[in-house]
Amino acid sequence: CVGDWMKLWYGASPDTVIYGAASVQPSTTIKSPSAVFIGRLSEDTGVLVYVDAVLKMRGKVTLDIYGEGALLPKVLSRIRNSPYIRYTSVTHVPETIYKKYRFAFVSRYLGMIEAMQCGRQVFAHWNNSIKFDYLQSFPAIEDAFVFSGPGELIKQLQQTLDSPERANQRVKHAQVWALKQTWQKIADTYEELWTK
């Protein structure tokens, strides 16, 4: 299974649980309060919640959005007059994009691992019980910020800006775990399963 949450929601009894892998090299620390969203522009990814929070912060954090999806017209409408948020495009190389930002707004396992390997603070959105359990089963979730509404995200971002040393400790701890999530480890897991 990909994630422990499948045991609870689907009654699965896997021999092994994985979370994915990536091969992103650690990057230098970014001090500017910049964030990036990479993903589908849909309700389940929380893109509008991220947008609303950054708009309410009035320039304390900037946001660049990469992705496509059904909510693109709404996203463009909401950010039309904002000097703090811009829609960029679609990217096929998120590992290079994360390096340009301090915060990663992403809530899927692979994206969280990529951002953590790079050394970025992850903010992950949930909007239903399944997504909440999905995120809670992620092994490095204690080093990410998990939220549902824009008010929670604003509070978490402000805490991070006010206590950068504490935030950096979380980032480093998450990075240590994430860098161990390699494709070789996934391959070894599959080979072990096939030999049983």
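Panel note: side chain Gln181, backbone Ile113; no donor-acceptor pair is recorded below 3.5 Å. Remark: the backbone N or O of Ala104 is not paired with any side-chain donor or acceptor of Arg120 at under 3.5 angstrom. One N or O on the side chain of Thr160 and one on the backbone of Gln156 form a donor-acceptor pair closer than 3.5 Å. Checked by atom type and distance alone, the side chain of Arg40 never pairs as donor or acceptor with a backbone atom of Gly67 at under 3.5 Å. Between the Arg102 side chain and the Ser34 main chain, no donor and acceptor come within less than 3.5 Å of each other. Side chain of Tyr19 to backbone of Asp4: a donor-acceptor contact under 3.5 angstrom is found.
Closest heavy-atom contact between Gln121 and Ala167: OE1-O, 3.5 Å. Leu135 approaches Ser107 most closely through the heavy-atom pair CD2-O, 3.7 Å. Nearest heavy atom pair, residue Lys180 against residue Val176, reads CG-O, 3.6 Å. Residue Gln117 comes nearest to Ala178 through the heavy atom pair NE2-O, 2.9 Å, listed as atom of the first residue, atom of the second, then distance.
Here the side chains of Leu161 and Val61 are in contact, with some heavy-atom distance below 4.5 Å. You'll find the side chain of Glu95 stays beyond 4.5 Å of the side chain of Cys118, heavy atoms only. Side chains of Val75 and Leu48 form a contact here, defined as non-hydrogen atoms less than 4.5 Å apart. No side-chain heavy atom of Asp15 sits less than 4.5 Å from a side-chain heavy atom of Glu192. Taking the side chain as every heavy atom from C-beta outward, Leu157 and Lys60 never approach each other to under 4.5 Å. For the pair Trp9/Ser129, a side-chain contact is recorded, criterion being any heavy-atom separation below 4.5 Å from C-beta on. Put simply, the side chain of Gln136 reaches to within 4.5 Å of the side chain of Val146, judged on heavy atoms. Val17 places none of its side-chain heavy atoms less than 4.5 Å from the side chain of Met6.
Remark: Gln158 CD is packed, more than 12 non-hydrogen atoms of other residues, nucleotides or ligands lying under 6.0 Å away. Heavy atoms from other residues, nucleotides or ligands lying under 6.0 Å from CD of Gln159 number more than 12. Within 6.0 Å of CG on Asn81 lie no more than 12 heavy atoms contributed by other residues, nucleotides or ligands.
Each of Val49, Ile79, Ile65, Leu63 was compared with Val54 under the side chain to side chain contact (heavy atoms under 4.5 Å, CB included) criterion, and only Leu63 meets it. Considering Tyr66, Phe103, Phe105, Tyr50 as possible partners of Phe37, the one that fulfils the ring-ring contact (aromatic ring centres under 6.0 Å, His included) test is Tyr50.
Once rounded to the nearest 0.5 Å, the distance linking CH2 of Trp183 with OG of Ser23 reads 8.0 Å. One finds the OH atom of Tyr87 at 6.0 Å from the CG atom of Leu41 (value rounded to the nearest 0.5 Å). In this structure, the separation between CZ on Phe138 and CE on Met116 is 5.0 Å, given to the nearest 0.5 Å. Taking CD1 from Ile130 and CG from Asp44, the interatomic distance works out to 11.0 Å, rounded to the nearest 0.5 Å. Note: His125 NE2 to Glu43 CD = 8.5 Å, rounded to the nearest 0.5 Å. Distance check: Asp143 CG to Gln175 CD gives 11.0 Å after rounding to the nearest 0.5 Å.
Leu193 and Val2 are assigned to two separate hydrophobic clusters, defined by single-linkage of ILVMFWY side chains at heavy-atom distances under 4.5 Å. Cluster annotation: Val24 and Ile30 are assigned to distinct hydrophobic clusters (Ile/Leu/Val/Met/Phe/Trp/Tyr, side-chain heavy-atom contacts under 4.5 Å, transitive). Val90 and Tyr98 sit in two unconnected hydrophobic clusters of ILVMFWY residues. Membership requires side-chain heavy atoms under 4.5 Å apart, directly or through other members. Put simply, Val36 and Leu153 are part of two different groups of oily side chains (I, L, V, M, F, W, Y) that touch within less than 4.5 Å, one to the next.
Between Phe147 and Phe123, the distance separating the two ring centers is not shorter than 6.0 angstrom.
Residues Ser137 and Tyr109 bring a donor and an acceptor atom of their side chains to less than 3.5 Å of each other.
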Going through the distances and angles, do Ile154 and Met57 end up as a side-chain contact (heavy atoms from CB on, under 4.5 Å)?
CA-CA 7 Å; Ile154 291 168; Met57 293 187 79; 3.9 Å; yes
Check step by step if side-chain contact (heavy atoms from CB on, under 4.5 Å) holds for Ile141 and Met112.
CA-CA 9 Å; Ile141 202 63; Met112 292 182 352; 4.3 Å; yes
